[in-house]
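Worksheet for the structure shown next.
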Amino acid sequence: MLPRLGPGRLLLAAGIAALVVALGWVGWMWKQSLLPGTYDLMSFAEPDYGGGAEPAAGEDHHGGGASVAEIRGPSGPPDVRFRLVAQRATLRLSSGREVQALTFNGRSPGPELRVTQGDLVEVTLGNRDVEPGVTIHWHGVDVPNAEDGVAGVTQDAVLPGGSFTYRFRVHQVGTFWYHSHESGSRQVARGLFGALVIEPAARAGGLDRTAVLHVFDGAATLNGKDGVHKQEVAAGTPVRLRLVNTDNNRRRFLLSGTPFRVVAIDGTDLMGPSELTRTALELAAGGRYDVAFTMPPGPVALRVADTPAVLALSPDGASVAPAEAPDRTFDALTYGTPARTPFSARSVFQRRFRLEIGREPGFLDGRPGMQWTLNGGIYPRVPMLMVARGDLVELEIVNSSPRVHPMHLHGHHALVLSRDGQPSTGSPWWTDTLDIGRDERYVLAFRADNPGVWMEHCHNLRHAAAGLSMHVAYMGVTTPFRAGGDAQNHPE
Ligand code: C2O
Ligand code: CU
């Protein structure tokens, strides 16, 4: 009897053994993914030197050097001072809809901060009652590392009752925004953000207005208004609209009633911007476009596609320009005229990195599911791009996942060299928040000129919170701050 049943039993035994091994492996993967109560974000990461110099033998990749906490902005009397207090508030949208929001100074968007190039800016952040804490990140402003506002990386979150003072000199000009970088995916969605505009010392005349898009509980708003907002503007007035997308998704803006130019992207002016009509502007989550035109005798409208939010400008203060169907979408890769740049695709790079964004089954802090991966690793076991001060860095990002990822690099602006092998032929295109579509491949270059530990993450903040987040770290710089539930720091 045994010889006849043998093969079946053997198969069963083999099956059970395979199951045990598989379960053991899954269990090990699960255990491996668990994050401790507090942890150093850098200690799990896989240092990647991009083919450049590595630390000497016997040194670890941080080289026992400076702490990010010491890389502060300048001292001395500030040129301009702000106070922002994070507080809960009930917001009433223009439609009458009420939102339980998190605000700066009781408003969302928070106060628009306007400063002048060269100013030493001082901002004191207070926290009245926002749990578990708050910070302010100056999105797109290349501040000293300790002023970057990332909880658990560059500072501890400001707990209710606490405060923190940021100081930095603004060397750039353009459109930026600020937002909490503590529990970012929740706090930004609920309203902890505002616009930051750095004007040139010689300010242009005319109407200069931000158009900040945000989605509160599913309601799209422009500057906090979820319907048609009308403004009177005399014909002939030069107009600059500063579009900011604070949402998690790429958003389509439509401007009707006038030809226009895209004069800046992510706070950097474009060269030779040509006139556009019937051109949709698709703005990355976290990204900014500045558009300019001369007010015509008739009305002009800025719409957020597929939403009721409209900014309606008109000489009579009442008319609303009808929508015009766009017949193309703006593409920065070929727009404007080329100009000299401090480096190019032909430069000698000290480091070349390649990042591939993927989606695979696995565990994130013990939770099973489809996870974002960076070069195959699931957060926090993702690459950490190691650079040295002065390096010229090439960064290739490939999106092999099924979604769009607006990748945001803190502390630096990168020059777009190519997309899918097609070189950038328009104006130099500097970006801090770059939308990378499915199967797209971008090659970027940046100068490592701002020492610190910097985040590089997806600005769909839900993706960032789900692990699409990593760091660019300078060799010799360490962070004393810790992330995790017990540390009360949750950068995402
Ligand atoms: Cu706008 Cu890391 O953020
Ligand atoms: Cu993403």
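Quick caveat, the model's predicted, so the values are computed rather than measured. Ligands are counted one by one from 1 in listed order, and the atoms in each one are counted from 1 as well.
Side-chain contact check for His405 and Asn460: no donor-acceptor pair (N or O, by modelled atom type) lies under 3.5 Å. One side chain, Asp290 or Thr175, offers a donor N or O that lies under 3.5 Å from an acceptor on the other. Side chains of His413 and Asp142: a donor-acceptor N/O pair is present below 3.5 angstrom, by distance only.
Partner of His410 under the ring pair (Phe, Tyr, Trp, His ring centres under 6.0 Å) criterion, out of His139, His459, His457: His457 alone.
Around CZ of Arg128, the count of heavy atoms belonging to other residues, nucleotides or ligands within 6.0 Å does not exceed 12.
When rounded to 10 degrees, the angle formed at the Cu ion (ligand 2) by SG (Cys458) and ND1 (His405) equals 130°. Around atom 1 (Cu) of ligand 1, the angle linking His179 (NE2) with His139 (ND1) is 120°, rounded to 10 degrees. Between the NE2 atom of His457 and the NE2 atom of His181, the angle taken at atom 2 (Cu) of ligand 1 works out to 110° after rounding to 10°.
Closest N/O/S atom of His463 to the Cu ion (ligand 2): ND1.
Within the 2.8 Å limit, His137 places no N, O or S atom next to atom 1 (Cu) of ligand 1. Not a single N, O or S atom of His410, from either the backbone or the side chain, sits less than 2.8 Å from atom 1 (Cu) of ligand 1.
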